[in-house]
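Below you'll find the structure, written out as structure tokens, and then a few comments.
Just follow the structure's listing: the first ligand is 1, and inside any ligand the first atom is 1. Model, not experiment: these values are computed from the prediction.
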Amino acid sequence: MHGTAKPAIEVLFSSETIAQRIHEMAGAIMAAGLVRPLVVPILTGSFVFSADLLRALQAAGMEPEVDFLTLSSYRRGTKSSGSVTILRDMDLDVSDRDVLLIDDILDTGRTLAFAKDLIAARGARRLLTCVLLSKPVKRSVSIEPDFIAFECPPVFVVGYGMDLANRYRELPYVGRVMAG
Ligand code: IMP
Ligand code: MG
């Protein structure tokens, strides 16, 4: 069990707001015309967003294959460790495939850039990237996602799959943990 003090969470993006935006985003992704798409959520943080986006894409007519790539850059706490490692690799071959990479949040850019370089090096035919949130910070690496759901304030956020030391992933909204 955790301590008795329960930190307050300020809602930044409600579940209704997120659902509406994902619906729009699915339309934009469909318009890109991916052929035999392979959707690759970057775990763990994107699992809730990816599940909702996949179902929105299905409703819009997509019949993708799905495979997962588990990367780690944030170990604990709120600071990036600076290096990205593969915790669990994909099972499927991406060569000659149209791939849609999904991540939860673009911060320094290292995670998405790492995944993009990896999949490009393995010979993907087309590679599009999609993130739920983009923080307005100076990137460590230059990367511009093809699809961004929301610009996010430069604070540490949790919920909707995203964690602080493995907590808060279950929240249906994106919020900020208030100190105190
Ligand atoms: P980047 O490699 O610095 O762009 O960080 C991307 C990864 O760090 C994301 O996939 C998240 O898992 C994690 N991350 C960055 N900012 C936050 C945050 O505010 N809350 C939770 N996770 C974050
Ligand atoms: Mg992540």
- Query: Counting heavy atoms only, which of T108, V84, I105 comes nearest to atom 1 (P) of ligand 1?
  - Reply: T108
- Option whose closest heavy atom lies nearest to atom 20 (N) of ligand 1, chosen from V137, V157, L71: V157
Is the backbone of [Y] close enough, under 3.5 Å, to the side chain of [X] for a donor and an acceptor to pair up by distance?
X    : Y    : result
D98  : V35  : yes
D146 : T129 : yes
R169 : M162 : no
S46  : I42  : yes

contact_flag [X] ligand 1 heavy-atom lt 4.0 Å:
X    : result
K135 : yes
D163 : yes
D103 : yes

- Query: Considering only heavy atoms of V155, which atoms of ligand 1 have at least one such atom less than 4.0 Å away?
  - Reply: 19 (O)
- Query: Which ligand 1 atoms, with their elements, are less than 4.0 angstrom from a heavy-atom of G109?
  - Reply: 1 (P), 3 (O), 4 (O)
- Query: Looking just at side-chain N and O atoms, do D104 and Y160 make a donor-acceptor pair shorter than 3.5 Å?
  - Reply: no
- Message: Quiz question: by atom type and distance under 3.5 Å, do the side chains of Q20 and E24 form a donor-acceptor pair?
- Response: yes
Do ligand 1 and [X] have nitrogen or oxygen atoms that lie under 3.5 Å from each other?
X    : value
G45  : no
M162 : no
D104 : yes

- Query: What heavy-atom pair brings V39 and P64 nearest, and what distance separates the two atoms?
  - Reply: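 That would be CG2-CB, 3.7 Å.
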